Enquirer: 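The structure that follows is given in the form of structure tokens.
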Number of protein chains: 2
Amino acid sequence: MSRWQPDSRHRLQDAALELYLEQGFAATTVAAVAERAGLTERTFFRHFADKREVLFANEDALRERLVDAVREAPAEAGLRALVAAGLGAVVDELQPRRDELRRREPVIASQPELRERELMKLASWTEALEGALRDRGAAPGDAQLSAQSAIGVLSVAAQRWMVASGDELLAAFVERVDAELRALLGSA
Amino acid sequence: MSRWQPDSRHRLQDAALELYLEQGFAATTVAAVAERAGLTERTFFRHFADKREVLFANEDALRERLVDAVREAPAEAGLRALVAAGLGAVVDELQPRRDELRRREPVIASQPELRERELMKLASWTEALEGALRDRGAAPGDAQLSAQSAIGVLSVAAQRWMVASGDELLAAFVERVDAELRALLGSA
């Protein structure tokens, strides 16, 4: 085996997900994950802090895409267009990972500590989006509420997308959930 | 000291909050909390699973108030009125606890594990509200989105209320944040 393993990160993620589904998250050790991936525990710990973090490996990259998309949106973009640009960037990253995300979902749901961690991820995206919107001139209160509402919409849309049987795009789910929320809040 | 201590739960909560603020959450032991409250560790563990749970002691009672208020709302109440009834019940419980909540806030913010736990609390309220709305006949999608949006509004309103300098009621913050969100989402 060559020392240079450009895909060891992915192999570890795949192996972890497989084992968590097969035998449960609690029963799976880092040693077992490394073995399944054909790598050493040392390599595992070079990539991930622990067996929980394997499931959240893309969190930072996605948050950066979200923030960059808001930052790079056209100068004339209003608050809603800025939010849409940010969500769109995340959706583009998630769409090709549908199969992995569908397998990941029951693992997350199975353990309160993983659900907590998932909520922290969404909170960190909300905070990042809020900051990016403020950087683009949004009033602090508007930035906070828009960010929270947008990540809420994304989260609900992604949950529905992951359990849906067809091949409808995540973007379509986001659009529909967004419209539903507006209708719910507008029907005073 | 009499064996019957009806207020030991509150004394432990007060002592814990005092110590967490004075010397930090991480540095405070259950033994120190019990000592400050003039009680034994055994009494502590009769009331709380660990030093984290002291800070979340009212979670279940509040969730029950929320659900009961939705359940008991008038038969003719629409989705929005049901949500308002639920939030109103929680607001009524939180309002008299403002000083305690203001002291609690920086403790929660100081530790990622406490922030995770706080997010789980909000998620559990969201789920409970969603279930209560469905029980009152709301469509599942509407119940999910309404609950998520409502608890989001409550959370933002409570954050603003806790740092506000005046004596304005939490209910007024909730009303304003709700109106802001509707305006943000309605201004297509």
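Just so it is clear: chains get the letters A, B, ... in the order the sequence lines come, proteins before strands, and each one is counted from 1. In this text, all values refer to a predicted model and were calculated from it rather than measured experimentally. Values below: every heavy atom of this structure, side chains too, minus hydrogens, waters and symmetry copies.
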Enquirer: Under 4.5 Å from any heavy atom of chain B, what part of S149(A) do you find: side chain, backbone, both or neither?
Expert: side chain
Enquirer: Do L119(A) and M120(B) have side chains that get closer than 4.5 Å, going by heavy atoms?
Expert: yes
Enquirer: Please find the pair of heavy atoms, one from L184(B) and one from R182(A), that lie closest to each other, and give the distance.
Expert: O-NH1, 4.4 Å
Enquirer: What part of V83(B) is in contact with chain A, defined as an atom under 4.5 angstrom from a non-hydrogen atom: side chain, backbone, both or neither?
Expert: neither
Enquirer: Just so I understand: if I count every heavy-atom pair under 4.5 Å between each of D142(B), L145(B), L79(B) and chain A, which residue has the most?
Expert: L145(B)
Enquirer: At a 4.5 Å cut-off on heavy atoms, which part of Q159(A) comes close to chain B: side chain, backbone, both, or neither?
Expert: side chain
Enquirer: Can you give me the closest heavy-atom contact between V156(A) and Q148(B), atom names plus distance?
Expert: CG2-OE1, 3.5 Å
Enquirer: Is it true that, when you exclude R115(B) itself, more than 12 heavy atoms of the residues, nucleotides or ligands shown sit nearer than 6.0 Å to its CZ?
Expert: no
Enquirer: Is E93(B) atom CD crowded by more than 12 heavy atoms from other residues, nucleotides or ligands, each under 6.0 Å away?
Expert: yes
Enquirer: Take atom CD in E175(A); do more than 12 heavy atoms of anything else shown fall under 6.0 Å from it?
Expert: no
Enquirer: Sequence neighbours left out, cut at 3.5 Å: what donor-acceptor pairs do the side chains of residues 14-21 of chain B make with other protein atoms?
Expert:
unit_1, atom_1, unit_2, atom_2, d
E18(B), OE1, R36(B), NH1, 2.6
Y20(B), OH, K51(B), O, 2.6

Enquirer: Against chain B, label E180(A) side chain, backbone, both or neither, depending on which of its atoms sit under 4.5 Å from a heavy atom there.
Expert: both
Enquirer: Assigning hydrophobic clusters by single linkage (Ile, Leu, Val, Met, Phe, Trp, Tyr; side-chain heavy-atom cutoff under 4.5 Å), is L87(A) placed with V67(A)?
Expert: no
Enquirer: At a 4.5 Å cut-off on heavy atoms, which part of Q144(B) comes close to chain A: side chain, backbone, both, or neither?
Expert: side chain
Enquirer: Assigning hydrophobic clusters by single linkage (Ile, Leu, Val, Met, Phe, Trp, Tyr; side-chain heavy-atom cutoff under 4.5 Å), is F48(A) placed with F45(A)?
Expert: yes
Enquirer: Quick one: what part of R160(B) sits under 4.5 Å from any heavy atom of chain A, side chain, backbone, both or neither?
Expert: side chain
Enquirer: Strictly below 4.0 Å, N to O, side chains only: are E116(B) and R52(A) in salt-bridge contact?
Expert: yes
